[in-house]
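Some notes on the structure that comes next.
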Amino acid sequence: MTQLLNRLSLALAMTLSTTPSVMAGPLTTMDDVGKALHACWTAPEGAQKSTVTLRFSFKRDGSLIGPPRTAAIDFPGNDAAARKSFIDAAISAVKDCTPLTLSPELAQGIGGQVFTMQFVSPDACGGDCNREASVRPN
């Protein structure tokens, strides 16, 4: 029983340590914001060589101003359901990761600005998707 509790505690600790809202300290740069949002992103099965760019805005408290919107999509093939699933996964990543904990300096300048972020299927980024995890002003 003790071993089971230890394993559950370890699993919970690992889950919490990768959840952006409980990352150590507030986010201080837009690159930090991109990495936090990317940590919530999982491309759905069947998304090959696909990208979606979302547009969204934050309030100073790190929450979203409205839902993220699709700005661009590159999804090969004609499978409308798979395409929608890919877009929905990216939107869910942003929604599920917010509100973010922002440093006072970042919060001061972030409110109301429109940002874009590209979400990329693992095969489209060569396996190093963290380099793609950037949030940029639109």
Find the distance between CD (Gln118) and OG1 (Thr53) and round it off to the nearest 0.5 Å.
4.0 Å
Roughly how far, to the nearest 0.5 Å, is the CD1 atom of Ile91 from the CH2 atom of Trp41?
10.0 Å
Please enumerate all residues that pass salt bridge (Lys or Arg N to Asp or Glu O under 4.0 Å) together with Lys59, with sequence neighbours excluded.
none
Between Arg55 and Thr116, is any pair of side-chain heavy atoms under 4.5 Å apart?
yes
Decide whether Ser63 and Asp61 meet the rule of one side-chain donor and one side-chain acceptor closer than 3.5 Å.
yes
Check: residues 69-83 side-chain donor-acceptor pairs under 3.5 Å, at least two apart:
| from | atom 1 | to | atom 2 | distance (Å) |
| --- | --- | --- | --- | --- |
| Asp79 | OD1 | Ala81 | N | 3.2 |
| Asp79 | OD1 | Ala82 | N | 3.1 |

Apply ring-ring contact (aromatic ring centres under 6.0 Å, His included) to Phe115 and list each qualifying residue two or more places apart in sequence or on a separate chain.
none
Thr51 side chain vs Val120 backbone, donor-acceptor pair below 3.5 Å
no
Quick one: side-chain hydrogen bond (donor to acceptor under 3.5 Å, both in side chains) partners of Thr28, sequence neighbours excluded?
Asp32
For Phe56, ring-ring contact (aromatic ring centres under 6.0 Å, His included) partners two or more places apart
Phe58
Taking side-chain contact (heavy atoms from CB on, under 4.5 Å) as the definition, give me every residue that meets it alongside Ser92, ordered by chain and number, with sequence neighbours left out.
Asp96
For the atom pair CD1 (Ile65) and CD1 (Ile110), what is the distance rounded to the nearest 0.5 Å?
9.5 Å
